[in-house]
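Have a look at the structure below before the remarks.
The shown structure was predicted, so the numbers you read here are calculated from the model rather than taken from an experiment. In what follows, chains are A, B, ... by sequence order, proteins preceding strands, each numbered from 1.
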2 protein chains.
Amino acid sequence: MKNRLEEIRKQRGLKQEELAAALEVSRQTIGSLENGRYNPSIILAYKIAHYFQMKVEEIFIYEEEKS
Amino acid sequence: MKNRLEEIRKQRGLKQEELAAALEVSRQTIGSLENGRYNPSIILAYKIAHYFQMKVEEIFIYEEEKS
DNA sequence: TACATATGTCAAGCATACTTTCCATAAGTA
DNA sequence: TACTTATGGAAAGTATGCTTGACATATGTA
């Protein structure tokens, strides 16, 4: 699972901390997602997509056969 | 988070066990998703959508403010 | 009745998502 | 230099997703 979080966040001129606050998660969670340390829960993925007014699949890109 | 898993599975004439095998998860996981005991990981949500050739958001319906 | 099939659900255990706390590093500025 | 801001990331703890194994119930059929 790849994601375009860092790209989209920067497009919007947001700091990790600001995005984290808006989504009610920790700054470390945002950093960990951006750097691929883990995948978001489906709930968080939806919150992110909703916040950016995008589709989940526009932000999180599934790559077959990888966990 | 609601989902249309049971409805879609039955439309396709599949048993829980058959769907589970196709997705490489346990039958209990499918049952638990259908009965709302927990939400899928984003990986499993994508596998399910891919299997049914649908969008994630057509199957899993986000309800604001609920975990 | 007896047996098979499909589903519901629990319990224990492991893996992963997310938290808080902490420290490091890089870039900008006084 | 010294200080601030933004980010990276480790460590330990909690919550949730998923597993296997077990048992229950409902339905259909011999």
*asked:* If you assign each of R37(A) and E6(B) to its closest nucleotide in DNA chain C, which residue comes earlier from the 5' end?
replied: E6(B)
_Between P of dT20(D) and CD of E24(B), the distance in whole Å_ = 12 Å
_Can you identify which nucleotide, out of dT19(C), dT20(D), dC18(D), has its nearest atom closest to the Q28(B) side chain?_
dT20(D)
*Rounded to the nearest Å, what distance is computed from the CD atom of residue E34(B) to the C1' atom of nucleotide dT7(C)?*
9 Å
_Separation of atom OH in Y38(A) from atom P in dA10(D), rounded to whole Å_ = 12 Å
*Got more than 12 heavy atoms from elsewhere within 6.0 Å of CD, E18(A)?*
yes
_Residue-phosphate contact under 4.0 Å: R27(B) side-chain N/O, dT7(C) OP1/OP2_ = no
*Which pair of heavy atoms, one from V56(A) and one from A45(A), lies closest together, and at what distance?*
CG2-O, 4.1 Å
*Could you tell me whether the phosphate oxygens of dG17(D), OP1 or OP2, come under 4.0 Å of any side-chain nitrogen or oxygen in S41(B)?*
no
_Residues which pass side-chain hydrogen bond (donor to acceptor under 3.5 Å, both in side chains) with Q16(B), listed by chain and number, not counting sequence neighbours_ = E34(B)
*Provide, to the nearest angstrom, the distance between the CG atom belonging to L44(B) and the C1' atom belonging to dA15(C).*
14 Å
*For the pair made of CE in M1(B) and C1' in dT16(D), what is the distance, rounded to whole Å?*
14 Å
Please list, pair by pair, any protein nitrogen or oxygen found under 3.5 Å from a nitrogen or oxygen in nucleotides 3-6 of chain D.
{"unit_1": "dA6(D)", "atom_1": "OP1", "unit_2": "K15(A)", "atom_2": "NZ", "d": "2.3"}

_Distance check needed: dT16(D) P versus N39(A) CG, whole Å only._
19 Å
*So, does R4(A) use its side chain to make a donor-acceptor pair with the main chain of E58(A) at under 3.5 Å?*
yes
*In whole angstroms, how far is the P atom of dA17(C) from the NZ atom of K47(A)?*
16 Å
*Below 4.0 angstrom from OP1 or OP2 of dC18(C), is there any side-chain N or O of T29(A)?*
no
*Could I get the full list of side-chain contact (heavy atoms from CB on, under 4.5 Å) partners for R12(B), not counting sequence neighbours?*
I8(B), L14(B), F52(B), M54(B)
*Would you check if the side chain of Y46(B) reaches a backbone N or O of M1(A) as a donor-acceptor pair within less than 3.5 Å?*
no
*Beyond-backbone contact of I48(A) with L33(A), side-chain heavy atoms, under 4.5 angstrom*: yes
*asked:* From CG of N35(A) over to P of dC18(C), roughly how many Å is that when rounded to an integer?
replied: 15 Å
_Please determine whether a side-chain nitrogen or oxygen atom of S32(B) lies at a distance below 4.0 Å from atom OP1 or OP2 of dT9(C)._
no
*Out of dT20(C), dC18(C), dC10(C), which nucleotide sits closest to the side chain of L33(A)?*
dC18(C)
